[in-house]
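Here's the structure we're looking at; comments come further down.
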There are 2 protein chains.
Amino acid sequence: MAKPVGRRGETRERVLRTALCLFRERGVGGASLQMIADQLGVTKAAVYYQFPSKDELVLAVVQPALDRLAEVVDLAEGIGEPDARRQAAVEGLIDLILDHRQIVATLYSDPAVAEVLDSHPDLGGLIERLRQLMFGPDPTPSRLIAAAMVGGGLISVGTEPLLADTAPDVLRRELRGAARLLLRD
Amino acid sequence: MAKPVGRRGETRERVLRTALCLFRERGVGGASLQMIADQLGVTKAAVYYQFPSKDELVLAVVQPALDRLAEVVDLAEGIGEPDARRQAAVEGLIDLILDHRQIVATLYSDPAVAEVLDSHPDLGGLIERLRQLMFGPDPTPSRLIAAAMVGGGLISVGTEPLLADTAPDVLRRELRGAARLLLRD
DNA sequence: GTCTATAGCCCGATAGAC
DNA sequence: GTCTATCGGGCTATAGAC
């Protein structure tokens, strides 16, 4: 809704950038619309003109990463051989995390986000499909553990402040190596 | 459910247990003192009799894990050889996470917790010392990445709901193996 | 130790002028 | 598109009776 945002929708973009920044710093629950508005130099009501509710704003902030996740899962599921399929999922996840570090950090920063995302109809199924890809059809404990380790490790590396300035291709190479080690590809 | 409490200090323990449970489910910011009191069948004021503020309650809930972390760091720092030192830190961390899964999940559930902990005088230094132990004196990017991967992976495995019923010694063995792989011990 | 009651603040959200 | 002004509600925290 609200696509003809006057001209160019530039304000909307500024709100999204500022919101992402504050969500990242203070968590979604800790970043009020007042803070976002103050940082932009406008009032809360101006933000409400762009987004009908805070939930909608949160959703809009994380949407790019969700779209990308859907692409990754779709692509991986199209691969027949199980190991290659999981490998495609892992590499897609790595690229996703590196391309959307701040959003991923936001997603994992606050349980309130999970609640907002539960209202997103497709997402629950999407995550379940991702789990299937990562764990395989018959998840043994050690496979579960390895997959959880990879997932958490990727996110941790992608969001670690000390690694914020590390070149993405270095990170990508190391992460692929680490995932391969843990999953014994 | 609970009836008048007989012994001294028992109520305090019940508050702590209930708070941890709710913090884990809804995040610290999402769990109000009203909810905690309701679940215990008392009023907010009764909780305030036990803890002077919500921040103090949060601190008391996570204190056991912080104490344990201090032990782990102290012990590891006493080891001279760098690789053995890091190995001791990693194994101590693994045991800590397995023994305090719920607290660790709480610690990582909400940025609000980090703010509370910043008021804890010793903790900042403690985490810095842990970083030193994990990264070593001269952290190359690939060492940084491996250490971040291990840290995030351990937490992810320790808090993954699907692994809640997995035997601790299985988890411990797998986690030690994974850490050894990644850190090339 | 636990209660009732309330103060005081900030939140998300809405109404309507410009 | 942005503003001022306000509403209703939940929050932490306190005061004082029992």
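Chain A is the first sequence line, chain B the second, and so forth, proteins listed ahead of strands; every chain is numbered from 1. Worth saying up front: this structure is predicted, and the values here are computed from it rather than measured.
- For D38(B), the salt bridge (Lys or Arg N to Asp or Glu O under 4.0 Å) criterion is met by no residue, not counting sequence neighbours.
- P111(A) places none of its side-chain heavy atoms less than 4.5 Å from the side chain of R26(B).
- At whole-Å resolution of the value, CD in E56(B) and P in dT12(D) are 15 Å apart.
- Distances shown here put a side-chain N or O of T43(B) below 4.0 Å from the OP1 or OP2 atom of dC3(C).
- Contacts of Q63(B) classified as side chain to side chain donor-acceptor pair (under 3.5 Å), with partners at least two apart in sequence or in another chain: D67(B).
- In terms of the side chain to side chain contact (heavy atoms under 4.5 Å, CB included) criterion, residue partners of D95(B) (sequence neighbours excluded) are, by chain and number, R68(B), R172(B), R176(B).
- dA13(D) atom C1' lies 14 Å from atom CD1 of I36(B), rounded to whole Å.
- Other residues, nucleotides and ligands contribute only 12 or fewer heavy atoms inside 6.0 Å of the OH atom of Y108(A).
- When each of dA15(C), dT2(D), dT14(D) is scored by its nearest atom to the side-chain atoms of Q50(A), the top-ranked nucleotide is dT2(D).
- Between T11(B) and dT2(C) there is a side-chain N or O to OP1 or OP2 distance below 4.0 Å.
- Rounded to an integer number of Å, the gap from CG of D38(B) to P of dC3(C) is 11 Å.
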Please write out each protein N/O paired with an N/O of nucleotides 10-12 of chain C under 3.5 Å, distance rounded to 0.1 Å.
residue: dC11(C); atom: OP1; partner: S32(A); partner atom: OG; Å: 3.1
residue: dG12(C); atom: OP1; partner: K54(A); partner atom: NZ; Å: 3.0
residue: dG12(C); atom: OP2; partner: L33(A); partner atom: N; Å: 3.1
residue: dG12(C); atom: N7; partner: K44(A); partner atom: NZ; Å: 3.0

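- Listed by first and then second residue, the side chain to side chain donor-acceptor pair (under 3.5 Å) pairs involving residues 132-148 of chain A amount to none (not counting sequence neighbours).
- To the nearest angstrom, C1' of dC3(C) lies 15 Å from CG of L40(B).
- A search for salt bridge (Lys or Arg N to Asp or Glu O under 4.0 Å) contacts involving R131(B) returns E160(A), not counting sequence neighbours.
- Helix-axis bend for the helix from dG1(C)-dC18(D) to dC18(C)-dG1(D): the local axis fitted to the five terminal pairs at one end deviates from that at the other end by 0°, rounded to 10°.
- The phosphate of dT2(C) (OP1 or OP2) has no side-chain N or O of Y49(B) nearer than 4.0 angstrom.
- By the salt bridge (Lys or Arg N to Asp or Glu O under 4.0 Å) test, E77(B) is found to be paired with R129(B), residues two or more places apart in sequence or in another chain being considered.
- Considering only residues two or more places apart in sequence or on other chains, D169(A) meets the side chain to side chain donor-acceptor pair (under 3.5 Å) condition with none of them.
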